[in-house]
Amino acid sequence: MAIIVNLDVMLAIRKMSLTELSNSVGITMANLSILKKGKAKAIRFSTLESICKTLDCQPGDILEHRPE
Amino acid sequence: METTKKHLSIKIIYWTTNILFWVFVLAAILVFGFSMGFMFKIFDETQLHVGIPVAVNVLEHGTVELNNSVSSVEFVEMYGKIHFIDMPPAIGQVYSFFLLAVLAFAFYIFFTFRKFITNVYHGVYFDLFNISLLKRISYALVGFWVFSVFYAYFQYYYLVKNMEFNSVEITGDVKTSSTVLLAALLIWVLSHIFMKGCKLQEENNYTI
């Protein structure tokens with residue numbers, strides 16, 4: 001897919017683990033793992049907002065468009 | 001598996017299907033034994049009723065009372081069964097073959113439907129296996145319809161054309177029903193709706 005999820009990069013910058021993000025955002029580890037691996041088909045605005053709030057970043061920091 | 005609350009209608013269909021399935025299995029065992037009896041000529045003096053697929057012209061005068069007035073009517077056409085008083089064993093063998101074929105079709109359709117409804121009862125709706133089950137049911141119903149048309153024409157040429165009666169006239173119109181074919185079409189369409197549902201379910205599962 002041309003949309004790349006840079007969640008692992010942002011987690012590394014913020015020095016936060018996936019478990020911590022899961023607890024603070026309220027999304028299961030399984031779902032976060034799907035998102036991190038780029039297997040997700042869609043992301044809700046509410047989820048994106050929660051992740052951005054927790055990681056103190058912009059949606060563009062997490063999602064990137066890379067033409068195939 | 002989803003653990004959603006089961007709807008009452010699903011519970012009723014599930015339990016009714018299960019009860020009917022086991023009643024059908026018991027009846028099927030009896031019918032199978034009966035057919036085997038015919039096939040291997042164990043039953044010597046069995047009498048057989050066979051439904052004929054063509055209309056019989058009759059003329060019987062009568063009356064009908066509607067809205068406090070009596071009208072004269074005539075009974076002109078009917079469908080019915082014939083009764084073999086002395087059944088030759090060869091006839092029994094032929095009909096036992098058809099009986100076994102109907103039994104096989106009915107068992108397969110019932111068994112597959114039971115599997116489908118069990119999945120639905122357990123909360124598995126939009127699943128590839130369910131789609132495959134629905135398609136199997138629709139193909140089996142088409143097969144059953146083809147078989148029933150063949151059976152009707154077979155009876156016409158094998159039995160009806162050789163019959164002679166004094167007071168009734170047998171017509172040449174072979175009656176076939178397309179209800180089974182319509183049911184097959186409906187289930188086939190339903191399988192495609194389930195396919196769409198399956199794709200939406202997958203999309204929903206991968207929406208974070």
Side-chain angles (χ1 to χ4, degrees), chain A, chain B residues 1-15 17-18 112-139 184-208:
Chain A
M1 203 188 274
I3 301 292
I4 308 295
V5 181
N6 290 321
L7 191 64
D8 46 354
V9 177
M10 278 314 292
L11 283 170
I13 293 168
R14 297 285 183 257
K15 292 186 175 113
M16 196 185 266
S17 70
L18 206 63
T19 317
E20 282 174 303
L21 182 68
S22 166
N23 291 335
S24 52
V25 173
I27 301 171
T28 60
M29 281 289 286
N31 278 346
L32 272 182
S33 178
I34 289 169
L35 190 63
K36 206 180 119 186
K37 284 175 186 167
K39 284 184 180 175
K41 295 209 174 195
I43 182 164
R44 289 188 189 92
F45 281 152
S46 56
T47 311
L48 196 60
E49 190 193 348
S50 305
I51 293 171
C52 288
K53 212 171 172 180
T54 309
L55 295 175
D56 188 25
C57 65
Q58 291 298 311
D61 298 328
I62 299 166
L63 303 173
E64 182 194 340
H65 177 243
R66 228 180 269 169
E68 285 175 314
Chain B
M1 257 180 220
E2 288 170 35
T3 51
T4 47
K5 201 180 167 216
K6 291 172 192 86
H7 199 272
L8 181 67
S9 60
I10 298 290
K11 282 183 190 172
I12 292 170
I13 294 170
Y14 173 75
W15 286 112
T17 306
N18 267 293
T112 315
F113 181 73
R114 187 172 161 258
K115 264 189 193 174
F116 170 75
I117 208 70
T118 306
N119 277 352
V120 171
Y121 180 76
H122 288 119
V124 182
Y125 301 96
F126 302 115
D127 187 73
L128 283 174
F129 185 59
N130 275 358
I131 295 161
S132 147
L133 289 175
L134 284 175
K135 279 191 176 167
R136 279 190 230 169
I137 292 172
S138 74
Y139 296 148
L185 191 73
L186 202 73
I187 292 171
W188 189 74
V189 170
L190 198 68
S191 78
H192 279 267
I193 294 169
F194 266 67
M195 179 78 91
K196 184 74 185 162
C198 192
K199 281 178 187 165
L200 289 173
Q201 175 87 65
E202 197 193 343
E203 209 165 278
N204 185 52
N205 288 346
Y206 283 100
T207 297
I208 312 299

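Lettering of chains follows the sequences in order, A, B, ..., and the numbering in each one begins at 1. Below, each value reflects all heavy atoms present in this structure, side chains not excepted, and no hydrogens, waters or symmetry copies.
When all heavy atoms of A/Ile43 and A/Thr47 are compared, the closest pair comes out as CG1-CB, 4.2 Å.
Screening residues 127-139 of chain B for side-chain hydrogen bond (donor to acceptor under 3.5 Å, both in side chains) gives B/Asn119-B/Asn130, B/Ser132-B/Arg136 as the qualifying pairs, with residues at least two apart or on separate chains.
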Let me check something: any side-chain donor-acceptor pairs from residues 49-62 of chain A under 3.5 Å, sequence neighbours excluded? List them with distances.
{"from": "A/Ser50", "atom 1": "OG", "to": "A/Ser46", "atom 2": "O", "distance (Å)": "2.8"}
{"from": "A/Thr54", "atom 1": "OG1", "to": "A/Ser50", "atom 2": "O", "distance (Å)": "2.7"}
{"from": "A/Asp61", "atom 1": "OD2", "to": "A/Gln58", "atom 2": "N", "distance (Å)": "2.9"}

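Both the sub-6.0 Å distance and the 45° axial angle are satisfied by B/Lys6 relative to the ring of B/Tyr121.
The main-chain N or O of B/Leu134 is never found under 3.5 Å from a side-chain atom of B/Ser191 such that the two would form a donor-acceptor pair.
Proximity to chain B at a heavy-atom threshold of 4.5 Å picks out A/Ile27, A/Asn31, A/Ile34 from residues 20-34 of chain A, in numerical order.
Residues satisfying the ring pair (Phe, Tyr, Trp, His ring centres under 6.0 Å) test with B/Phe194, not counting sequence neighbours, are B/Phe116, B/Phe126.
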